[in-house]
Amino acid sequence: MSDANKAAIAAEKEALNLKLSPIVHLPENIGVDTPTQSKLLKYRRSKEQQQKINQLVIDGAKRNLDRTLDKRTPLLPPPDYPQTMTSEMKKKGFNYIYMKQCVESSPIVPIQQEWLDHMLRLIPESLKEGKEREELLESLINEVSSDFENSMKRYLVQSVLVKPPVKWLEDEGGPLPESPVGLDYSNPWRSSYVQARNQIFSNLHIVHPTMKLLLDLGYTTFADTVLLDFTGIRAKGPIDCESLKTDLSIQTRKAEEKIMNTWYPKVINLFTKKEALEGVKPEKLDAFYSCVSTLMSNQLKDLLRRTVEGFVKLFDPKDQERLPIFKIELTFDDDKMEFYPTFQDLEDNVLSLVERIAEALQNVQTIPSWLSGTSTPVNLDTELPEHVLHWAVDTLKAAVHWNLEGARKHYETYVEKYNWLVDGTAVENIETFQTEDHTFDEYTEELDCCVVWEVYV
């Protein structure tokens, strides 16, 4: 066998002689969480990308801010005043003005829309109609919003800053109102609160549910009404004083009967129910009924007062559209001219109507008196206060005098011109003229005068 074949066989055997790699033993800390492994496990590619995006946004915002600031006009430096021209007070004043501007530039919460809507609901619908009124309402809303914002800025300035004692600073609108002094809640207060609440409910009877019903009933019955109807008096034309007095007296009596047949039975019905005295202790019963009598008395007094005020307004010199027209005759009796009725009689009749109104509703029984059915009834105090009656009398006297001034001047002028015709002066002049010697022309002139006198007489 040649050497070449031997070499080939040896190479083939060597190629078939396969060898395994050596066994590698794993490290002992393969299951332990090392810092390197922890960092690798916590790594998230999305977080790294989000940080890069945020940094890009911040860099862009900084560049935009720099460009905006570069476009602004640089502020001029404050003038360098000499030390002798800048006092400490002046420095404090300038510093306060600067701090005030900083505080006022802070954001202010605007007025709530709910408040504006509530204000608009208080305005009657008739005042909102029309384009001009809508524009007016819009301007008013803007003015209210502006005033609210200015007041909030003022409050903020006065709450944050202390105004230095510098005379030339502008007025801030006065000091802020003092905060109300509240209760001291440093100690337990529930027991005192409950005690005060119980005292209120036991002594303040006006908060009783029955009182509320009585108050609502009085408001519904008397709020928009008076005892007398004054609207049609002038439409009747000239009337006698006595006729007007009689008509108003009849109206007063009918109105009084209507109240006693409608309102008063409803009031009695309130206090005949079982729940009327619910929660009222027996020892507080007199005080409760006293409160009822006071409330009823105030309601009736208010009705009478408004009726008197309505009657006084009839004679208001500034508003003569409702002024009554009285019949007054100029009479001549017993060689004397005068008006009938006289001005004094007319004034007395007008004032007597006030007294007639004040006499109405004076026999209304109290609730305890009606419920007990005593033989001697106890009435409510419904007498009008003296100052109301004095005001009505004084106002009516002045109004009657002012309205009769024209008639009085006419009467005085009439008496001054023609009273000598009826008091005997004219007859004496004629007799004296006849006893004297006169020419024919003088007799003719005197005869013409006598004819005129006869016509007037």
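Being a predicted model, the structure only gives us computed values, none of them experimental.
In this structure, the side chain of D316 does not engage the main chain of V312 through any donor-acceptor pair within 3.5 Å. Checking side-chain atoms of Y264 against main-chain N and O of Q365 turns up a donor-acceptor pair under 3.5 Å. Side-chain atoms of N269 do not come within 3.5 Å of backbone N or O of P265 as any donor-acceptor pair. Put simply, the side chain of T262 gets close to the backbone of K258: a donor and an acceptor are under 3.5 Å apart. Looking at N150, its side chain does come within 3.5 Å of a backbone N or O of S146 through a donor-acceptor pair. The main-chain N or O of P368 is found under 3.5 Å from a side-chain atom of S372 such that the two form a donor-acceptor pair. Looking at S297, its side chain never comes within 3.5 Å of a backbone N or O of S293 through a donor-acceptor pair.
Looking at W115 and V144, their side chains never come closer than 4.5 Å, going by heavy atoms from C-beta outward. Side-chain atoms of L213 and P209, non-hydrogen and from C-beta on, never get closer than 4.5 Å to each other. Side-chain contact between F311 and V226 is absent, with no heavy atoms from C-beta onward closer than 4.5 Å. Two residues are said to be in side-chain contact when any heavy atoms from C-beta on lie closer than 4.5 Å; I367 and M296 meet this criterion. Looking at L304 and Q362, their side chains come closer than 4.5 Å, going by heavy atoms from C-beta outward. A heavy-atom distance below 4.5 Å is found between the side chains of L116 and S145. Counting only heavy atoms from C-beta outward, the side chains of L303 and I259 approach each other to under 4.5 Å. Residues T366 and N379 are not in side-chain contact: their nearest non-hydrogen atoms beyond the backbone lie 4.5 Å or more apart.
Here the straight-line distance linking atom CZ of R154 with atom CD of Q158 works out to 4.5 Å at 0.5 Å rounding. In this structure, NZ in K62 is found 12.5 Å from CG in N64, a value given to the nearest 0.5 Å. Rounding to the nearest 0.5 angstrom, the gap separating the CD atom in E256 from the CG atom in L300 is 10.0 Å. Note that the OG1 atom of T307 and the CG atom of L248 stand 11.0 Å from one another [nearest 0.5 Å]. Between the CG atom in L228 and the CG atom in L314 there is a gap of 9.5 Å [rounded to 0.5 Å]. A distance of 12.5 Å separates OG1 in T210 from CG in L217, rounded to the nearest 0.5 Å.
In plain terms, the two heavy atoms of R305 and V388 that are nearest each other are CG-CG1, 4.3 Å. A pairwise comparison of heavy atoms in T252 and R356 identifies CG2-NH1, 3.7 Å as the closest pair. Nearest heavy-atom pair, T221 versus T225, reported as atom, atom and distance to 0.1 Å: O-CG2, 3.1 Å. S106 approaches L156 most closely through the heavy-atom pair OG-CD2, 3.4 Å. Here the shortest heavy-atom pairing between A392 and V308 reads CB-CG1, 3.6 Å. The nearest pair of heavy atoms linking P377 to S369 is CA-OG, 3.4 Å.
Within a 6.0 Å sphere centred on CE of M99, other residues, nucleotides and ligands contribute 12 heavy atoms or fewer. The environment of E283 atom CD is dense: over 12 non-hydrogen atoms of other residues, nucleotides or ligands sit within 6.0 angstrom.
Legend: salt bridge (Lys or Arg N to Asp or Glu O under 4.0 Å) pairs involving residues 381-402, not counting sequence neighbours, sorted by first then second residue: K301-D381. Identified under the salt bridge (Lys or Arg N to Asp or Glu O under 4.0 Å) test for residues 142-153, with sequence neighbours left out: E149-K153. For residues 198-214, every residue pair satisfying the salt bridge (Lys or Arg N to Asp or Glu O under 4.0 Å) rule, not counting sequence neighbours, is listed here: K212-D216. Within the structure, side chain to side chain donor-acceptor pair (under 3.5 Å) contacts touching residues 48-60 (residues at least two apart or in different chains) are Y43-E48, Q50-N54, Q55-D59.
With sequence neighbours left out, Y289 forms a ring-ring contact (aromatic ring centres under 6.0 Å, His included) with no residue at all. Listed by chain and number, the residues in a ring-ring contact (aromatic ring centres under 6.0 Å, His included) with F222 are W263 (sequence neighbours excluded).
Under 3.5 Å, the side chains of E257 and N261 contain no donor-acceptor pair of N or O atoms.
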TODO: Please lay out, stage by stage, how L214 and F271 fare under the test side-chain contact (heavy atoms from CB on, under 4.5 Å).
DONE: CA-CA 10 Å; L214 178 60; F271 293 93; 4.3 Å; yes
Task: Derivation of the side-chain contact (heavy atoms from CB on, under 4.5 Å) call for M260 and N363 - done: CA-CA 10 Å; M260 296 304 296; N363 297 319; over 6 Å; no
Open item on the list: Checking K313 against E309 for the salt bridge (Lys or Arg N to Asp or Glu O under 4.0 Å) test, could you report, in this order, the C-alpha distance in whole Å, the side-chain angles of both residues, the deciding distance, and whether it holds?
Closed with: CA-CA 6 Å; K313 287 182 180 179; E309 290 177 353; 5.7 Å; no
- [ ] Go through D247 and Q251 one step at a time and tell me if the side chain to side chain donor-acceptor pair (under 3.5 Å) criterion holds.
- [x] CA-CA 6 Å; D247 292 343; Q251 286 188 37; over 6 Å; no
Open item on the list: For L384 and I357: C-alpha separation, side-chain torsions, deciding distance, then whether side-chain contact (heavy atoms from CB on, under 4.5 Å) applies.
Closed with: CA-CA 10 Å; L384 281 175; I357 295 173; 5.6 Å; no
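Salt bridge R306/D302: present, at least one basic N to carboxylate O contact under 4.0 Å.
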